[in-house]
J.: 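Mind looking over this structure? Questions follow.
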Amino acid sequence: MDIRLLDAEPTAEERSAVDDVLGAPGSSWDGGDRGSARDSHTAEFGGRATRERRHLLLPAFQALQARVGFITEGGLDYVCARLGVPPAEAWGVATFYAMLATSPRPRRMVHVCDDIACRAKGAAGLCASLEREAGAPISHEPAGHHVALDREKAAWMHSPCLGLCDVAPAALVVEAGAKTVERSIGHATKDGVLSLLGGKAPGPDGASTPHIGRSPLIVGGGLLERVGKVDPASLAAYRAAGGYAALAKAVDMGAEGVIREVTASNLVGRGGAAFPTGRKWEAVRTQPAQPHYLVCNADESEPGTFKDRVLLTEDPFAIVEAMTIGAFATGAEKGFLYIRADYPLAYERMQGAIVQARAAGLLGENILGRGLRFDIEIRRGAGAYICGEETALFESIEGKRGEPRNKPPFPVSYGLFGKPTTMNNVETFANIPAIVLDGGAAFAKVGTAQSTGTRLFCLSGTVRKPGVYEVPFGTKLSALIGMAGGVPEGRTLKAVLLGGAAGGFVRADELDITLTHEDTRATGTTLGSGVVMLFDETADLRDAVLRIAAFFRDESCGQCVPCRVGTVRQEEALHRIASGKMRGGVKGELALLDELGDAMKDGSICGLGQTAYSAVESAIKRLGLYSDAGSATA
């Protein structure tokens, strides 16, 4: 392809950052210096080889941003020359992801969460205080043609959910440079953020001390058994606690035996879709096309969700072992772990676990000396909720905009790089070692017939003890909330958000809901990604609903009209109600919202658009949130 590059040159710093990812250029055809007589006659790096490296586009952009703080024209031009990607196409990718910047930013940025869980803990007031004392936050892309700022003076900006809802309000500090600094900040305060903006070094990562709870009905084992007890940075400690016994047994059982036990367990996906894991694995195993891939979806971006963060930071070797078992069962030799951009500690722990496992012969060419070949590569997201959808995640790994694909074909036959692919989320994988060791039948005895095993729930909002709680399926919602202490003393529970922004609200008199897939469906709600967010009488539920609507408007990839337009119109209608400037009164606006919801559910390509109205609808119809609104027209 003949591409027209920009008239901009990268700095030496930018070249170095990109070359660290792509390797040094081999010739002028590969972005190297021009002038070689040999290069004018021959090209050692052909078109096919260039196209096969397209998947490195996002890591190259992330390296640029990590080094200088944003993607300059010269840096983008150099990446395009190295990978043979037209600048217009590369620009489309760079501007798709919220954590990438294509306009100047200071080296140090503080991202302050103002999503629903943090708003319930005072984030709106925190942001207002910061605006008064530190100035207005910068936007993702400033308006106007010229931007002037002091690169050495830190700035702050609003952020969607950072996955730190248990330590809300939360922030994330990122400082670009030769040695990038990334740190999650829990229980953020005005003074703490101001000190970071003033140049103070951040303290320990706020994601490192999670609060967990386990049902007394879980007698042994469980997903949180090692959390807080086994050193997450030590392979030796993990093996001493029984780690890698499951992998050895899986190899003895054979691929078909492993899938037989997973199928017998009736394990379903824990990311929200609840698809039977055994069926998925068997479908990939029997595909004739090669190679097969395995992907762990660690891009948990649903507001209110942080359970996978706890597993990744506190039990990383279990995820590596489980992925290896899954690869053995499905015939994959290459795996990817796609982790959200704003989980720096989880990334560090998982990278350390992979390196140690590889050094110990537990990843690589001859695992356990049994001829098993499998390795894992970590890919970091770049701030796109839509990439939690499996096919959008594939597109992101391939170096494209994270836009969902039409189905069929399904990932089991046409997934990553067009090959059969197994994808499961972190919690789903975390169940695999116990199923292999104890058998599928033993796993299925816990929970109910249709919802087997235990489930992790994320308790946040106005709750006494926010954290991750593990309970058997079939536990009552009231019992789960009781484990977390309920709302603070003297407060009254008003509502509970189940399943996250894509879930729905339930009333305070509905806490007898049984936490299973079948029971929540029957009651018109969902477990979703395991969010249980409490709101007491001090919470502004209308503000929360508006924030949910803004979230979906902002996170829509824009590919399909029902979602792209519907999420905007939904937010506009809610703002009109909030301001009292309704068209046709509240009744007319609510009727419009219903029509928009139906259009998004029926016409959207993926689950984002299909569920964008769910929480809003439940607030209207279940909570009666706007029943007392005025009927003024405008």
Side-chain angles (χ1 to χ4, degrees), residues 92 95-98 115-116 160-161 269 271-275 297 299-305 338 381 383-396 398 400-411 414-415 423 425 497-505 517 520-521 524-529 531 545-575 589-622:
T95 54
F96 181 85
Y97 297 94
D115 223 314
I116 45 178
C161 184
F275 190 85
N297 184 348
D299 191 51
E300 64 168 0
S301 302
E302 185 72 45
T305 313
Y338 188 97
Y385 170 74
I386 189 64
C387 287
E389 196 277 338
E390 57 186 356
T391 61
L393 191 154
F394 296 152
E395 294 287 295
S396 184
E398 292 177 15
K400 304 170 187 174
R401 293 165 63 90
E403 296 177 345
R405 303 171 184 171
N406 285 312
K407 302 174 188 176
F410 294 98
Y414 189 89
M423 178 184 284
N425 96 313
L497 179 63
L498 277 182
F505 288 95
H517 294 294
T520 50
R521 277 194 295 267
T525 184
T526 179
L527 295 182
S529 57
V531 174
V545 170
L546 269 172
R547 185 63 184 88
I548 290 171
F551 173 82
F552 280 111
R553 181 259 304 151
D554 191 51
E555 295 294 345
S556 172
C557 75
Q559 181 181 194
C560 65
V561 173
C563 179
R564 182 177 71 240
V565 177
T567 53
V568 174
R569 297 292 175 254
Q570 173 175 264
E571 185 187 15
E572 289 174 347
L574 290 170
H575 274 295
E589 297 287 11
L590 296 184
L592 174 61
L593 284 167
D594 249 359
E595 290 180 14
L596 288 169
D598 288 342
M600 289 190 287
K601 289 175 191 175
D602 296 340
S604 297
I605 289 174
C606 77
L608 187 153
Q610 293 162 9
T611 60
Y613 181 54
S614 297
V616 176
E617 181 180 30
S618 66
I620 294 169
K621 298 178 180 179
R622 203 161 197 148

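Since the structure is predicted, the reported quantities are computational estimates derived from the model, not experimental observations. Along the sequence shown, residues carry numbers from 1.
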J.: Any non-hydrogen side-chain atom of Gln570 less than 4.5 Å from a side-chain atom of Leu593?
T.: yes

J.: Just by modelled atom types, is the Ala615 backbone N or O under 3.5 Å from a matching donor or acceptor in the Ser618 side chain?
T.: yes

J.: Between Arg547 and Asp554, is there a salt bridge with N-O shorter than 4.0 Å?
T.: no

J.: Hey, are Glu390 and Lys407 close enough for a salt bridge, meaning a charged N less than 4.0 Å from a carboxylate O?
T.: yes

J.: Would you call Glu300 and Ser529 a side-chain contact if the rule is heavy atoms closer than 4.5 Å?
T.: no

J.: Give a yes or no on whether the backbone of Ala384 and the side-chain of Glu555 come within a donor-acceptor separation of less than 3.5 Å.
T.: no

J.: In the structure I gave you, are the side-chain heavy atoms of Ile116 and Ile548 within less than 4.5 Å of one another anywhere?
T.: yes

J.: Around atom OH of Tyr414, are there more than 12 heavy atoms from other residues, nucleotides or ligands closer than 6.0 Å?
T.: no

J.: Within the 3.5 Å criterion, strictly below it, is a donor on Ser396 or Tyr97 matched to an acceptor on the partner's side chain?
T.: yes

J.: Which atom names give the shortest non-hydrogen contact between Met600 and Ala612, and what distance separates them?
T.: SD-CB, 4.1 Å

J.: Any side-chain heavy atom of Met423 sitting closer than 4.5 Å to one from Leu393?
T.: yes

J.: Could you check if a side-chain atom of Phe505 sits within less than 4.5 angstrom of a side-chain atom of Val545, using non-hydrogen atoms only?
T.: yes

J.: Where do Gly402 and Cys387 come nearest, in terms of heavy atoms and distance?
T.: CA-SG, 3.9 Å

J.: How close do Phe394 and Pro411 get, heavy atom to heavy atom, and via which atoms?
T.: CE1-CB, 3.6 Å

J.: Side chains of Glu389 and Thr391: do they bring a donor and an acceptor to under 3.5 Å?
T.: yes

J.: How long is the gap from CG on Leu608 to SG on Cys563, to the nearest 0.5 Å?
T.: 5.0 Å

J.: Taking atom CZ of Phe551 and atom SG of Cys161, what is their separation to the nearest 0.5 Å?
T.: 7.5 Å

J.: To the nearest 0.5 angstrom, please state how far the CZ atom of Arg569 sits from the CG atom of Leu574.
T.: 13.5 Å

J.: Ignoring hydrogens, what is the shortest heavy-atom contact between Gly558 and Arg564? Give both atom names and the distance.
T.: O-NH1, 2.7 Å

J.: Taking His517's backbone N and O only, do any of them form a donor-acceptor pair with Thr520's side chain (distance below 3.5 Å, no angle check)?
T.: yes

J.: How long is the gap from OG on Ser301 to CG on Asp115, to the nearest 0.5 Å?
T.: 10.5 Å

J.: Is the shortest side-chain heavy-atom distance between Cys606 and Ile386 below 4.5 Å?
T.: yes

J.: Just to verify, what does Glu395 make a salt bridge (Lys or Arg N to Asp or Glu O under 4.0 Å) with, not counting sequence neighbours?
T.: Arg405

J.: Does a side-chain heavy-atom distance below 4.5 Å link Tyr613 with Phe552?
T.: no

J.: Looking at side-chain heavy atoms only, is the closest gap between Lys621 and Asp594 below 4.5 Å?
T.: yes

J.: Return the set of residues passing side-chain contact (heavy atoms from CB on, under 4.5 Å) with His575 (not counting sequence neighbours), or none when no residue passes.
T.: Leu546, Glu571

J.: How long is the straight-line distance from OG1 of Thr525 back to CG of Leu497, given to the nearest 0.5 Å?
T.: 8.0 Å

J.: How long is the straight-line distance from CG of Asp602 back to CD of Gln610, given to the nearest 0.5 Å?
T.: 9.0 Å

